[in-house]
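I have placed the structure first, in the form of structure tokens, so that the comments after it can refer back to it.
Just so we're on the same page: letters track the sequence lines, and every chain starts at 1. Remember, it's a predicted structure, so these values are computed and weren't measured experimentally.
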Number of protein chains: 2
Amino acid sequence: MEDGTSEEPGSCAVTDDDPFQWDARQNCEVRQILDRIADKWSLLVIALLERRTMRFTELKKEIDGVSQRMLTVTLRQLERDGLVHRYVHATVPPRVDYSLTDLGCTLHDTIKPLVAWTETYQEQIISARAAYDRAVATG
Amino acid sequence: MEDGTSEEPGSCAVTDDDPFQWDARQNCEVRQILDRIADKWSLLVIALLERRTMRFTELKKEIDGVSQRMLTVTLRQLERDGLVHRYVHATVPPRVDYSLTDLGCTLHDTIKPLVAWTETYQEQIISARAAYDRAVATG
DNA sequence: CGGTATCCTGCACGATACTG
DNA sequence: CAGTATCGTGCAGGATACCG
């Protein structure tokens, strides 16, 4: 496995007088977890699994563009973090079902507003970009 | 500038009968925006600027670990997306102030619960990882 | 079917040097 | 001070091949 799994026990004690002290530290647990959430595929997997249990191949087909390798890696990370449950049926050919854990569900609920925000303001962002690009082009 | 600025007008029309149709598409605006949010430094910059206007050097000092280049790139992206405002004082030596736009503020408000979630469940995630690693080691 | 193991490549990013 | 421009490189991640 290539994944360095760099862990360094949380060097982030968070002096709690400031709720955003987290931002300045590296190897902060919060940052590690946000990185997972930030991951290109994780969100998609979580969103899909929130609806129903899915098999590996179903996920792969649904998340068009993901390589088999990256889907595997993503699912392993999510499983390791306790966000996704993996059930291997003892059949042949093998069948593996993935589903969200309770923790994964709470995360999904937390993410929903973020997706909603994005949908609400995407037009605004697009026009902001256009305006910026125009300004730059003009000089 | 190295940044490809790959734009492709939103090939994501989002058939709205399914709020999570967004997940399957690439070059979806939602995904592009999430990628920005997901960015390693963007969140930190937004969190810092939500508190007060800051100068370039202040940000650089505060976000320990960021290179000058990456801070510049990050700020430019955020400015282009209309999340951050950049004000250049006509003085010498130059002085540049960064602050959140209204849009940036709404984004920060939306992100807060996510950070809170992370802080709430980080212990649970850490122990989930430990359990997973133990299981793997055991075989 | 649901993975691993291996190789290879692009580009994200750091380091460094220069500038208005 | 607040950037740009240029070069070098590590590693994330795709492509491919093989396996229980």
Side-chain angles (χ1 to χ4, degrees), chain A residues 1-6 26 31-32 35-45 48-49 53-80 84-99 132 135-136 139, chain B residues 1-6 26 31-32 35-45 48-49 53-80 84-99 132 135-136 139:
Chain A
M1 189 136 304
E2 107 234 345
D3 202 2
T5 310
S6 48
Q26 269 67 34
R31 265 244 58 80
Q32 287 185 45
D35 280 345
R36 180 88 355 120
I37 293 163
D39 183 79
K40 181 165 186 177
W41 306 113
S42 294
L43 278 178
L44 310 188
V45 169
L48 285 169
L49 290 184
T53 292
M54 290 181 82
R55 303 180 57 172
F56 183 88
T57 313
E58 287 181 307
L59 284 167
K60 180 146 175 18
K61 191 162 68 172
E62 202 76 17
I63 309 186
D64 159 275
V66 72
S67 67
Q68 186 166 20
R69 208 185 82 94
M70 283 319 292
L71 183 55
T72 302
V73 169
T74 300
L75 286 167
R76 285 291 181 284
Q77 287 173 338
L78 293 173
E79 188 196 359
R80 194 171 98 102
V84 158
H85 181 66
R86 177 169 180 264
Y87 184 69
V88 184
H89 297 261
T91 59
V92 47
R95 174 200 176 101
V96 182
D97 283 339
Y98 292 94
S99 59
Y132 181 94
V136 169
Chain B
M1 187 135 308
E2 107 232 345
D3 202 3
T5 309
S6 49
Q26 267 67 35
R31 266 243 57 81
Q32 288 185 45
D35 281 344
R36 180 88 354 119
I37 293 163
D39 182 79
K40 179 166 187 175
W41 307 113
S42 294
L43 278 179
L44 311 188
V45 169
L48 286 169
L49 290 184
T53 292
M54 290 181 83
R55 302 181 57 172
F56 185 87
T57 314
E58 287 181 306
L59 284 168
K60 180 145 175 20
K61 190 160 71 171
E62 202 76 17
I63 309 188
D64 160 275
V66 73
S67 66
Q68 188 166 16
R69 209 184 82 93
M70 283 319 291
L71 183 55
T72 302
V73 169
T74 301
L75 287 168
R76 284 293 180 284
Q77 287 174 338
L78 292 173
E79 188 196 359
R80 193 171 99 101
V84 157
H85 182 67
R86 177 169 179 265
Y87 184 70
V88 183
H89 296 261
T91 61
V92 47
R95 174 199 176 101
V96 182
D97 283 340
Y98 290 96
S99 60
Y132 181 93
V136 168

### Query
Of A/D39 and A/P94, whose nearest nucleotide on DNA chain D comes first from the 5' end?
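Its nearest nucleotide lies further toward 5', so the answer is A/D39.
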Can you measure [X] atom [atom1] to [N] atom [atom2] for me and round it to whole angstrom units?
X: A/M70; N: C/dT4; atom1: CE; atom2: P; answer: 13 Å
X: A/R55; N: C/dG3; atom1: CZ; atom2: P; answer: 10 Å
X: B/L59; N: D/dG3; atom1: CG; atom2: P; answer: 10 Å
X: B/H89; N: D/dG3; atom1: NE2; atom2: C1'; answer: 15 Å
X: B/Q77; N: C/dA12; atom1: CD; atom2: P; answer: 10 Å
X: A/R95; N: C/dC1; atom1: CZ; atom2: P; answer: 12 Å
X: B/R69; N: C/dA17; atom1: CZ; atom2: P; answer: 16 Å
X: B/Q68; N: D/dT6; atom1: CD; atom2: C1'; answer: 15 Å

[X] versus [Y], closest heavy-atom pair with distance:
X: A/T53; Y: A/E58; value: O-OE1, 4.4 Å
X: A/R95; Y: A/R55; value: NH1-NH1, 3.3 Å
X: A/Y98; Y: A/V84; value: CD2-CG1, 3.8 Å

### Task
Establish, with yes or no, whether the OP1 or OP2 oxygen of D/dG3 is under 4.0 angstrom from a side-chain nitrogen or oxygen of B/R76.
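Answer is yes, contact under 4.0 Å.
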### Side-chain N,O (B/Y98) to OP1/OP2 (D/dG3) below 4.0 Å
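Yes, B/Y98 has a side-chain N/O under 4.0 Å of OP1/OP2 on D/dG3.
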### Query
For the residue pair B/Y87 and B/H85, does the interplanar ring angle fall in the parallel (under 30°), tilted (30 to 60°) or perpendicular (over 60°) class?
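It falls in the parallel class, under 30°.
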### Query
Can you tell which of C/dG3, C/dG14, D/dT4 lies closest to the side chain of B/T72?
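The nucleotide sitting nearest to the side chain is D/dT4.
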